[in-house]
Amino acid sequence: MWVWIAELVALALAVAAMPAVLVQRRHPTATLAWVLAILSMPYLGVLLFFALSWRRPERVRTKYERKEEEFRERTAHWPVVGEAEEEFEQPEFRALAEAMERMEGFPARPGNAVEFTAYGPSFRQMLLSGIRSARDHVHLEFYIYQNDETGNKVTAALCEKAKEGVECRLLLDAVGALWFHKSCLARLLEAGVRVDFFHPVDPLRKRFYINYRLHRKIAVFDGSAALIGGRNVGDEYAGRRRGGRSWQDLSVFVRGPAVLDLQEVFLRDWYYTTGEALDPARYCPQPRPAGSEVVQVVPSEPSALGNSAEFAHLLAVRSARRSLKIVTPYFIPPESMHSALISAALSGVGVEIVVPAVSDSRLTLWAGRSAYRELIEAGIRIWEYQGGMLHGKLMIVDDHWCATGSANMDCRSFRLSFEVSCLIYSREDIPQLLTLFDHYRAKAVRVEHPAAYDTRLGDRLLCSIARLASPLL
């Protein structure tokens, strides 16, 4: 009797949820995945759908864009920043830069100096030095802020500067900061640091954003220097071992006009979260050239059919003529990226991808492995890094220019998260990055056979299950 009632209720739930699933404008594979999840597991499937996917990405994006327009109306005084004109050595650079400018509004800026660091202690030193040397303001935006030695040092530096009269603001993602210690928050607030949380999760107030997280990592010092990349605030990102594994990542220290674009991203996010419109005339000093690098900042917001992060990576893949070197911690390429990589390889481009052999997300790891067969058969070389958790994000095109930032090569970064990347159109720093790529590859094992994860039944099952779930990851 009770079994029949439970089955009828499950059927009613599935039927009631179907219209909500079908009317959402998303990729067909994601829609089909949700339909299968709800039909096969009605109770759990419906719960997960309304928890993870009920709010449409377009609604979140529209709300963000509306707030962005409000912010611009209230802050009309922006400094004039130069754009790259003749600095591009190849015409495809100009085409890519103009396409990204049409999408997100930031042009490629000349006159920058960039410094890459894959060494965790260097990142921590750069972050702490930037905070301690600030004279006017410090703006930090991170996904995770750990209450450990590194987090405590950053907290102490912020408190010290705030007490000196330097304006300090810290914007954290509400889900990423779930373990942000209350004692740390109290110290910051008591010292005068402004702290707020992006997309708080509060079902009682209809704030139930499990997706649409702030995955950006930005630190801006006095509007003249900035840090960007894949690192959050925590010991593992500063080079400490986590769970017996070292944590490998990549950050970029930028000086010059492109810093003001990163500052604008922070100011927009701060206004979206707090409603406080910070005057650009106050926080965006007139830019001065600091080097010869051409840098383009590419922020991206949620979009069901792909955002600027996805399109930037797609355009980069399609612009490659000789080689394409990719490092990513979470490799679940959408169909568009999967096809673009295969097309590039079949066209004669040497495509190499380095991913971690171990991951903090086992399902994501196996979802990526489920795509190996088609990629390897097309001639793409895939390497699994054995030296710990590889968390850096890097794409080098034709050994000539690169893209790096917070975006992973997966559906979550490309369609559900708030990300920021930098396109660096220059040969000056490429040798350093090629050396880094060779270092990763030297500590990796190449996946030689297309059926490497198809021979054992357990591996096939893991790949199949993860592949079915990949549109939801």
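Both backbone and side-chain heavy atoms feed into the values below; hydrogens, waters and symmetry mates do not.
L390 is not listed as a side-chain neighbour of S359, based on a closest heavy-atom distance of 4.5 Å or more. The shortest distance between side-chain heavy atoms of Y272 and L214 does not fall below 4.5 Å. Counting heavy atoms from C-beta on, the side chains of L140 and L127 come closer than 4.5 Å. For the pair Y145 and L170, the minimum side-chain heavy-atom distance is below 4.5 Å. Counting only heavy atoms from C-beta outward, the side chains of V259 and S224 never approach each other to under 4.5 Å. Between R412 and I332, the closest side-chain pair of non-hydrogen atoms is not below 4.5 Å. Contact annotation: the side chain of L416 never approaches that of C411 to less than 4.5 Å [non-hydrogen atoms, C-beta and beyond]. Residues T117 and F253 are not in side-chain contact: their nearest non-hydrogen atoms beyond the backbone lie 4.5 Å or more apart.
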message: Pair D196, R169 - check salt bridge (Lys or Arg N to Asp or Glu O under 4.0 Å), show working.
response: CA-CA 8 Å; D196 219 309; R169 293 178 176 84; over 6 Å; no
- request: Step by step, work out the side chain to side chain contact (heavy atoms under 4.5 Å, CB included) result for L324 and V397.
  value: CA-CA 5 Å; L324 191 64; V397 182; 3.8 Å; yes
message: Assess the residue pair D235 and Q146 against the criterion (side chain to side chain contact (heavy atoms under 4.5 Å, CB included)); give the C-alpha distance rounded to whole Å, side-chain angles, the decisive distance to 0.1 Å, and a yes or no.
response: CA-CA 8 Å; D235 283 347; Q146 301 280 22; over 6 Å; no
- request: Decide yes or no on side chain to side chain contact (heavy atoms under 4.5 Å, CB included) for V354 and I326, but give the supporting numbers first.
  value: CA-CA 6 Å; V354 179; I326 298 169; over 6 Å; no
query: Can you check side chain to side chain contact (heavy atoms under 4.5 Å, CB included) on R369 and E384, steps first, answer last?
result: CA-CA 10 Å; R369 286 172 172 170; E384 291 192 338; 3.0 Å; yes
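Of the possible polar contacts, none joining the N232 side chain to the F142 backbone as a donor-acceptor pair under 3.5 Å is found. Looking only at distances, no side-chain donor or acceptor of R373 sits under 3.5 Å from a matching main-chain atom of A371. Here the side chain of D249 pairs no donor or acceptor atom with the backbone of Y237 at under 3.5 angstrom. In this structure, D398 contributes its side chain and S323 its backbone to a donor-acceptor pair below 3.5 Å. The main-chain N or O of L188 is never found under 3.5 Å from a side-chain atom of T155 such that the two would form a donor-acceptor pair. No side-chain donor-acceptor contact under 3.5 Å links D148 to the backbone of G234. A donor-acceptor contact shorter than 3.5 Å links the side chain of N112 to the backbone of A258. Under the 3.5 Å distance criterion, the side-chain polar atoms of R255 are left unmatched by any main-chain donor or acceptor of A113. Without hydrogens or angle criteria, K393 side chain to H391 main chain gives a donor-acceptor distance under 3.5 Å. The closest donor-acceptor contact from the side chain of D136 to the backbone of D222 lies at 3.5 Å or more, if one exists at all.
For the pair L436 and A118, the tightest heavy-atom approach, listed with the atom from each and the gap, is CD1-CB, 3.6 Å. What you find for V166 and A134 is that their closest heavy atoms are CG2-O, 3.8 Å. Contact between M100 and L315 at its shortest, heavy atoms only, is SD-CD1, 4.0 Å. In plain terms, the two heavy atoms of S336 and L314 that are nearest each other are O-CD2, 3.6 Å. Nearest approach of H137 to G223, heavy atoms of both residues: NE2-N, 3.3 Å. When all heavy atoms of V295 and C422 are compared, the closest pair comes out as CG1-SG, 4.1 Å.
Partners of R194 under the salt bridge (charged side-chain N to carboxylate O under 4.0 Å, His left out) rule, at least two apart in sequence or in another chain, are E276. Among residues two or more places apart in sequence or in another chain, the ring pair (Phe, Tyr, Trp, His ring centres under 6.0 Å) test is passed with F418 by Y64, F198, H199. Under the side-chain hydrogen bond (donor to acceptor under 3.5 Å, both in side chains) criterion, E419 pairs with H215, S406, S413, sequence neighbours left out. For K161, the salt bridge (charged side-chain N to carboxylate O under 4.0 Å, His left out) partners at least two apart in sequence or on another chain are E164. Taking the ring pair (Phe, Tyr, Trp, His ring centres under 6.0 Å) definition, one finds that W383 meets it with nothing, sequence neighbours left out.
The CD atom of Q432 sits 10.0 Å away from the CG atom of L434 when rounded to the nearest 0.5 Å. Note that CD of E264 and CG of D269 are 10.5 Å apart. Values are rounded to the nearest 0.5 Å. Between S319 atom OG and W401 atom CH2 the span is 5.0 Å, to the nearest 0.5 Å. One distance of note links CD of E310 with CE of M409; it measures 10.0 Å at 0.5 Å rounding. Taking OH of Y143 as the start and CG of L172 as the end, the distance is 11.5 Å to the nearest 0.5 Å. Going from atom CG of N152 over to atom CD of E149 covers 8.5 Å, rounded to the nearest 0.5 Å.
Using cut-offs of 30° and 60° on the angle between ring planes, the pair Y440 and Y385 is perpendicular. Relative ring orientation between F266 and H139 is described as parallel, the plane-to-plane angle staying below 30° on a 0-90° scale split at 30° and 60°.
Under 3.5 Å, the side chains of Q296 and Y425 contain a donor-acceptor pair of N or O atoms. With no hydrogens or angles considered, no side-chain donor-acceptor pair links Q248 and H439 at under 3.5 Å.
A salt bridge (Lys or Arg N to Asp or Glu O under 4.0 Å) with D173 is found for exactly one of R216, R213, K217, namely R213.
Each ring-ring contact (aromatic ring centres under 6.0 Å, His included) pair with one or both residues in residues 99-136, not counting sequence neighbours, would appear here, but there are none.
Summarising the local packing, CD of E190 is surrounded by 12 or fewer heavy atoms from other residues, nucleotides or ligands at distances under 6.0 Å.
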